Amino acid sequence: MTVLAARFRDRFLLPEGVVYLDGNSLGPLPKATTSRVAEVIKGEWGRDLVTSWNKHGWIDLPRRVGDKIARLIGAAPGEVMVADSTSINLFKLLGAALALRPERRVLLSERGNFPTDLYVAEGLAALLGQGHALKLVEADEIVAAIDDDVAVVFLTEVDYRTGRLHDMAAVTAAAHARGAVMLWDLAHSAGALPVDLHAAGANLAVGCGYKYLNGGPGAPAFLYVRQDLQEEIRMPLTGWLGHAAPFAFESGWRAAPGIGRALVGTPPILSLAALEVGVDLLLEADIEELRRASIALAERFIAGVEARCPALRLVSPREPARRGSQVSFAHPEGYAIVQALIARGVIGDFRAPDILRFGIAPLFIGEAEIDAAIGHLSAVLERREWDRPEYRKRAAVT
Ligand SMILES: *Cc1c(COP(=O)(O)O)cnc(C)c1O
């Protein structure tokens, strides 16, 4: 086992015999989450009822967990809020970005960005009805495509299919050089690799709570607004908890100071309590050490798969510094191969059209898991185990 996995693996509830290479889709359950959530349910909700909002600090939870996430992404206290889903936070911040550049009409992203990011932008542009347009180019064409019409550049730092890592500082600098706002989606970055929003000078960011942060299914997401923009931005979703005085029940909306205006409605306390446990666990680890372990494990995985599974083609960047914390291979029968692997206890996932995706979360993955995954993968291919009707039947969630 790596030093990290030796230290942290036992802190997660992982079923015996399962190699979990899908922590990038749904992080596993930290053991402490069960007792913490039970305590919030029984000891807080059950016993103290509505007084818990004050007595147990529920009202401060979105900001408190946000401040903790800030430490993982190179932000300062007061710059990160936990709220809503990644999709909704994207809507909020893309809307805020467009309001910062009212004379510009283009939202620029890459064609391969995660669909919800693109769908949200499309819907926002249509809603505004002011001629805003979504412009999509290939990843390596982004910088050249930033012109004076671009209001906001929005990108996911780590590509969900290939794991390719953008140069956050370089792209942000290019956006700023042309006067555009830069928004990063950290869904596959936060908790997976060191992120430094301050060093990059990023304006805005969003990220996901249920992937590498291990917050649980449907965990609330987070958003980041750089300190100097907080008083300037106009949020497109103006709910009562983003009001300067929610309990004054005034008839008109006034923005809460700072990041407070990024809240919309009542936070999901049970989910937030679970997310806090996942984030606390990550904060115990050294993120630089985590990155080194992730790279070593990914290199081991790539070498092993390439040696033993010649039918698979690496689609992740070969250079570790250009990869996030996942390794992807392509194969025309990718879906069935992943199903056959799952039947053997190795859980990865499939992303259309032909990608087998393996997330490497070094808090609970060590060399033994990587070696087992390579062994099972080569057995599935050599014995054509994937070639069975039950493995070709697509489930609702892939
Ligand atoms: C996982 C992911 C999301 C998820 O959005 P939800 O609103 O939580 O469903 C969004 N964007 C990217 C890039 C993702 O990887």
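Just follow the structure's listing: the first ligand is 1, and inside any ligand the first atom is 1. Keep in mind that this is a model prediction, so the values were computed, not measured.
Annotation: cation-pi geometry satisfied between Arg394 and Tyr335 (NZ/CZ under 6.0 angstrom from ring centroid, within 45° of ring axis).
For Arg318, the CZ atom sits in a loose shell: 12 or fewer heavy atoms of surrounding residues, nucleotides or ligands are nearer than 6.0 Å.
For Arg63, the salt bridge (charged side-chain N to carboxylate O under 4.0 Å, His left out) test picks out no residue, with sequence neighbours left out.
Of the residues listed (Leu124, Leu223, Leu118, Asp117), the one engaging Leu90 in a side chain to side chain contact (heavy atoms under 4.5 Å, CB included) is Asp117, and it is the only one.
Counting only heavy atoms from C-beta outward, the side chains of Glu110 and His166 approach each other to under 4.5 Å.
Between His198 and Tyr224, the two ring planes are tilted [angle within 30° to 60°].
Listed by chain and number, residues touching ligand 1 at under 4.0 Å (heavy atoms only) are Ser85, Thr86, Ser87, Phe114, Thr116, Asp117, Thr156, Asp185, Ala187, His188, Tyr210, Lys211.
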